[in-house]
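Reviewing the structure listed below.
Numbers restart at 1 for each chain; the letters A, B, ... are given by sequence-line order, proteins then strands.
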Number of protein chains: 2
Amino acid sequence: MEPVPASVSAAHVTALRRFNRYFTRRIGVLDDHYLGQDRPLGEARLLYEIGSGASLRELRTRLGLDAGYLSRMVRALEGQGLVRVTVHPADSRLRLAELTPAGRDELAEQNRRADGLAEGLLRGLTEAQRGRLAEAVAVTERLLRLAAVTARPVGPASPDARACLAAYAAELDGRFPEGYAVSDLVPPERIAVFLVAYEEERAVGCGALCASGADTAEVRHLWVHPRARGLGLGRRLLTELEHTAAARGHRTVRLDTHVALKEAAALYRTSGYTEIPPYGDNPHAGHWFEKPLPD
Amino acid sequence: MEPVPASVSAAHVTALRRFNRYFTRRIGVLDDHYLGQDRPLGEARLLYEIGSGASLRELRTRLGLDAGYLSRMVRALEGQGLVRVTVHPADSRLRLAELTPAGRDELAEQNRRADGLAEGLLRGLTEAQRGRLAEAVAVTERLLRLAAVTARPVGPASPDARACLAAYAAELDGRFPEGYAVSDLVPPERIAVFLVAYEEERAVGCGALCASGADTAEVRHLWVHPRARGLGLGRRLLTELEHTAAARGHRTVRLDTHVALKEAAALYRTSGYTEIPPYGDNPHAGHWFEKPLPD
DNA sequence: ACAGTTCTTTGACTAAAGTCAAAGAGCATG
DNA sequence: CATGCTCTTTGACTTTAGTCAAAGAACTGT
């Protein structure tokens, strides 16, 4: 299900590894060791992750910790008066951890130290160089995030699919003048393939493929979570859906979009789609596109 | 001795910290934990740092380890047949560690695993995206390295100054058709300020300032170690020398360069220098430049 | 209502990482 | 050639980090 040429050039691998080594040695270590000062690294990280409150369950998966280990660390922080633990109101198996005022102070201090470190580093550069660094760092982060996203087909009625579709419908409802109801979604039984994109175990995007005659497949409900926008994930999902369609024997993909969704139309045009006359009965559609699939 | 505007914009600090957090969490950990497999992280790192041989003393400072801790780890690796320790031929307090063939195999295996990891990551990107990532990563690394370099005035006869000047003379001797002898260097007593640039405790560049009349200072022996080229360090040293000259009351800086050193001339031109008629008695000079200092 | 699951806590460990101080061997230098 | 310094080793610790299993409380679906 990878959308991508087979072999990775050695130069690219080398560049990434070289950077990785340099960065972890120079910055990673520095930052993480200094910011906690006399606090063990695990506790410092935990404090940060708790931030404005989180369940132990969440913390466990986010930090990848053993349940027992986490339990003890939280208790230690509680003992130092930095964290307060309460029972989840709806599910009393769960515990919620949140920072006390003292904990927030401590975290703020951590942040100040980390800021100071970053500032000290940037001080060695001219303003123009700082700008270039910020830019390069942003590009790197975006691409690494994109690279880490995996798209998998899931059942169209599975919890992840439902969650994505619900968020999709809610967003469209806010953006379409005429509104958008959950009942406007394609019913699960008409969906042939439902792709969900995951970033670190979280669903951050989706797209559905419906059969629409023997030759033609239709892409519906292509959506990217706001937190994952700007990565190029929409294009990637679209490409993967096209590959899937081709693999299922279709020769053409079509799709429609609302006039309010300018970015979507731009994505389709730059992905090789051309506008065609209206088809189907989607009451929200304002533009219709089609793309032939390579054999 | 910082060449740079005072305040660092919060946006730049945020960008860097954000990236730092993301990167250490996602890649740093991943890579470093997996590549050693069933070997403790400390040992894996040590193996890597030993590489093609290093003294324990070097390893201790490079990795920032306690002497006792290091001693034991090296012994453990020796016990596993991965490392051989010998006495330094010139100073028998020192121990030299080098990899045995088995150690080299192990390191190669580590490298293969790390390559595989990087490759797996890159596989999620298109070829164009990989190219952009490699580029962004290279820019980031260069700028971070530059930011970490500090320039300090040292005595012109100090060991670091001598080492830089020796390397400088050797390099010029190779590049000038007429050769270059150590006796062609400006004698220490004529040097007013000698700046050495340090990257992680290693001298990687230098530049000298000589008084040349009350109004005018002269820049001599501006040099950057091959390992630190391409960072923009030459320009930075030049700028710092100019600031120093201004602080010492000079109003003009001048310098000369050999016709063979095209890059140098380009640096001077783009740093605000204009070519002037010959001055002085440097037999190697082929171009002469001057720049007025702002008050 | 009960069987199976989920979430957390506790006990009992192990391994890795790191610290501190003492001591011995070798250098460098006056 | 004695004194002070450097480098390494060793002993004796402590702290972090992490694992595994058992058990209890609370939820879920049937």
Side chain of P40(B) only, please: which of dC7(D), dA17(D), dA16(C) is the nearest? dA16(C)
Would you call E199(B) and R227(B) a salt bridge, taking side-chain N to carboxylate O under 4.0 Å as the test? no
Are any non-hydrogen side-chain atoms of V182(B) and L185(B) less than 4.5 angstrom apart? yes
Between dC27(D) atom P and R57(A) atom CZ, what is the distance in whole Å? 14 Å
Minimum-distance pair of heavy atoms, taken over all atoms of V204(A) and Y198(A): CG2-C, 4.2 Å
Once you round it to whole Å, what is the distance between P of dT9(D) and CG of L70(B)? 8 Å
Interatomic distance, L56(B) CG vs dA25(C) P [rounded to whole Å]: 18 Å
Of the non-hydrogen atoms in L59(B) and I50(B), which two are nearest, and what is the gap between them? CD1-CG1, 3.8 Å
What integer distance in Å separates R75(A):CZ from dG11(C):C1'? 15 Å
Side chain H221(B), main chain V186(B), donor-acceptor under 3.5 Å: yes
When rounded to whole Å, the CG to P distance for the pair L65(A) and dT8(C) reads 12 Å
Looking for any heavy atom pair under 4.0 Å, which part of the strands does D66(A) touch: base, sugar-phosphate only, or nothing? base
Could you check how far CG of L94(B) sits from C1' of dC5(D), rounded to whole Å? 13 Å
H88(B) NE2 to dA28(C) P, in whole Å, measures 11 Å
Judged by nearest nucleotide, the residue sitting upstream toward the 5' end of DNA chain D, Y69(A) or R95(B), is R95(B)
5′-ward residue of the pair M73(A)/R93(A) relative to DNA chain D: M73(A)
Students often get this wrong, so: under 4.0 angstrom with heavy atoms, is G42(A) touching a base, only sugar-phosphate, or nothing? sugar-phosphate
Rounded to whole Å, CG of L46(A) lies from P of dT16(D) at a distance of 14 Å
N/O (side chain, S92(A)) to phosphate O (OP1/OP2, dC27(D)) under 4.0 Å: yes
Contact class for R72(B) vs. all strands (heavy atom < 4.0 Å): base, sugar-phosphate, or nothing? base
